[in-house]
Chemist: 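I'd like to ask some things about the structure below.
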Protein chains: 2
Amino acid sequence: MKRSLKNRRRRTRAPAFSDAATAILDVAERLAQTRGYNGFSYADIAARLGVTKASLHYHFPSKEELGRALIERYEAAFAAALDAIDQATGEPRQRLRRYVALYDGVMRNERMCLCGMLAAEHSTLPRAMQGELQRFFDMNERWLAHLLQEGRRSGLFSFRESASGRARIILSALEGAMLVARSYSDPRRFRVAAGHVLDGVGARGR
Amino acid sequence: MKRSLKNRRRRTRAPAFSDAATAILDVAERLAQTRGYNGFSYADIAARLGVTKASLHYHFPSKEELGRALIERYEAAFAAALDAIDQATGEPRQRLRRYVALYDGVMRNERMCLCGMLAAEHSTLPRAMQGELQRFFDMNERWLAHLLQEGRRSGLFSFRESASGRARIILSALEGAMLVARSYSDPRRFRVAAGHVLDGVGARGR
DNA sequence: GTCTATAGGTGGATAGAC
DNA sequence: GTCTATCCACCTATAGAC
């Protein structure tokens, strides 16, 4: 009963990768976010880095291990971004706006959320990766639900369903907006939809 | 100036396929909706039908042609379903509920919207398929926008943005809800999110 | 750590017999 | 229309030299 309840979310330790491994992950991440896990190969990564396929296997023996590392690193970075938001401001509407801005940044990079992309390929992924996907979405929903609950208590947000229900809606809407916007190669499509997500809880106000 | 304005949407003629071609498309469609376009092969289809890969190429010489046929047939079937809704009832809330039920039926089949799935793989698809994808989403948005406009005029729906803006939000939210629900293999997740889409315009009734 | 070389498998696609 | 047989490109992965 004595353990601190603060920051109990931090279960995702950012793994330490060598410079070479980091370079591989950077390239693989971009490829996975634009083409999907089944849409890129070791050859693609090797070509972009100017090395051979074999050397990649030294750092990531199998593609499954590479895929797991991708999700783990992505989730850790996302968790850090959420912490940064929490520490920058306590104002709920601003925190929600910054959350949406995270996704907007991904789109502006002509990518899609890594985990949204992998969700489409879910049934073709190794079991371990499937489990990590859920953890990512769970983390997002928990963070959002907490924020929504707090904002509603202080009269800033307004919505009928439960906070976690609304969190799911927001997450789904953002992922879906990215998905559809990709077919039009138009990030503005995402931005407009994202704005209405904020309106939905009464959080757009400047 | 004399041409009828009724049914001017019908640009998608349902192509006639032989029995064998239809059987191939049925299997390919299920595979594409569960595993993605890059996630299945001619070998997968052939195995499930008990024929050889070579015979598939007689009906669909290349995978790109197969992919195009998949989207065209899917879009035609969807357009027919929208027409059926329009003819069954003119009541806007009911029509919107039936629209959402279309997507729910897809999820209940343990699939995801074909075009939502393909949207994730967008950048890896042949150009022709990319164009057809947009047409599918455009058709959905036009139908929804028209319905929303009508419902708002009669005081049944309420939303702040333009009808086409709201149509995009609804489409994105439904596609996103399917996407995320897949990671949990839980269609109920979709159904709850879909219900809130209806609430969003005041259409849940009852 | 990175290389060359290669294994063993699967991808889409074609030729030609039946 | 469906088959057998085959092609070549590409996939993930490994062995072993440097």
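All heavy atoms count here, side chains included; hydrogens, waters and symmetry mates do not. Numbered from 1 within each chain, the chains take letters A, B, ... in sequence-line order.
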Chemist: Looking at C:dG12, C:dA15, D:dT2, which one has an atom nearest to any side-chain atom of B:Ser55?
Modeler: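 Between C:dG12, C:dA15, D:dT2, the one nearest the side chain of B:Ser55 would be D:dT2.
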Chemist: Assert yes or no for the condition that the ring centre distance of B:Tyr103 to B:Phe78 is strictly below 6.0 Å.
Modeler: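 B:Tyr103 vs B:Phe78: aromatic centres under 6.0 Å.
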Chemist: Expressed as a whole number of angstroms, how long is the span from A:Leu31:CG to D:dC11:P?
Modeler: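 Answer to the nearest Å: 12 Å.
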Chemist: Give one of base, sugar-phosphate or nothing for B:Ser41, where a contact means two heavy atoms less than 4.0 Å apart.
Modeler: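 Counting heavy atoms under 4.0 Å across all strands, the contact made by B:Ser41 is with sugar-phosphate only.
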Chemist: Please report the distance, rounded to the nearest Å, between NE2 in B:His59 and C1' in D:dC3.
Modeler: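 Value for this atom pair: 12 Å.
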Chemist: For A:Phe40, which contact category applies under a 4.0 Å heavy-atom criterion: base, sugar-phosphate, or nothing?
Modeler: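 Sugar-phosphate: the residue A:Phe40, judged by heavy atoms under 4.0 Å, touches backbone atoms but no base.
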Chemist: Does NZ or CZ of A:Arg152 lie under 6.0 Å from the centre of the six-membered ring of A:Phe157, at an angle within 45° of the ring axis?
Modeler: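 That pair does not qualify as a cation-pi contact.
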Chemist: For A:Leu56 and C:dT4, give me the distance from atom CG to atom P, rounded to whole Å.
Modeler: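 Rounded to whole Å, this separation is 13 Å.
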Chemist: Take the protein atom CD1 of A:Ile24 and the nucleotide atom P of C:dG1, then report the distance between them rounded to whole Å.
Modeler: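 Between P of C:dG1 and CD1 of A:Ile24: 11 Å.
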Chemist: If you check the A:Ala54 side chain, which of C:dT2, D:dA15, D:dA13 turns out closest?
Modeler: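 The nucleotide sitting nearest to the side chain is D:dA15.
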Chemist: Starting at NZ of B:Lys63 and ending at P of D:dC10, how long is that distance when rounded to a whole Å?
Modeler: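 Computing the B:Lys63:NZ to D:dC10:P distance gives 16 Å.
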Chemist: Nearest-Å distance, CG (B:Asp44) to P (C:dG9)?
Modeler: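 My rounded result for the distance is 17 Å.
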Chemist: Pick base, sugar-phosphate or nothing for A:Tyr42, based on heavy-atom distances below 4.0 Å to the nucleic acid.
Modeler: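 The answer is sugar-phosphate, as A:Tyr42 gets under 4.0 Å only of primed atoms, P, OP1 or OP2.
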Chemist: Give the rounded distance in Å between these two atoms: CD1 of B:Ile45 and P of C:dG11.
Modeler: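 So the CD1-P distance, B:Ile45 to C:dG11, works out to 11 Å.
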Chemist: State which of D:dT14, C:dG1, D:dC3 makes the closest approach to the side chain of B:Val51.
Modeler: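 Of D:dT14, C:dG1, D:dC3, D:dC3 is nearest to the side chain of B:Val51.
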Chemist: OP1 or OP2 of C:dT2 less than 4.0 angstrom from a side-chain nitrogen or oxygen of A:Tyr58, does that happen here?
Modeler: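 The answer is no; no side-chain N or O of A:Tyr58 sits under 4.0 Å from OP1 or OP2.
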Chemist: Is any NZ, NE, NH1 or NH2 atom of the basic residue among B:Asp44 and B:Arg30 found under 4.0 Å from an Asp or Glu carboxylate oxygen of the other?
Modeler: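 Between B:Arg30 and B:Asp44 there is no salt bridge, as every charged N stays at least 4.0 Å from the carboxylate O atoms.
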Chemist: Mind calculating the distance between CD (B:Glu65) and P (C:dG12) to the nearest angstrom?
Modeler: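 These atoms are roughly 14 Å apart.
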Chemist: Got a second to check how far A:Leu118's CG is from A:Gln130's CD, nearest 0.5 Å?
Modeler: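 Result: 10.5 Å between the selected atoms.
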Chemist: Determine: side-chain N/O of A:His57 to OP1/OP2 of C:dT2, distance under 4.0 Å, yes or no.
Modeler: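 Checking A:His57 against C:dT2: no side-chain N or O falls below 4.0 Å of OP1 or OP2.
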Chemist: With a distance cut-off below 6.0 Å to the six-membered ring centre and an angular limit of 45° from the axis, does A:Arg35 pair with A:Phe40 as a cation-pi contact?
Modeler: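 No; the conditions do not both hold, so A:Arg35 does not lie above the ring face of A:Phe40.
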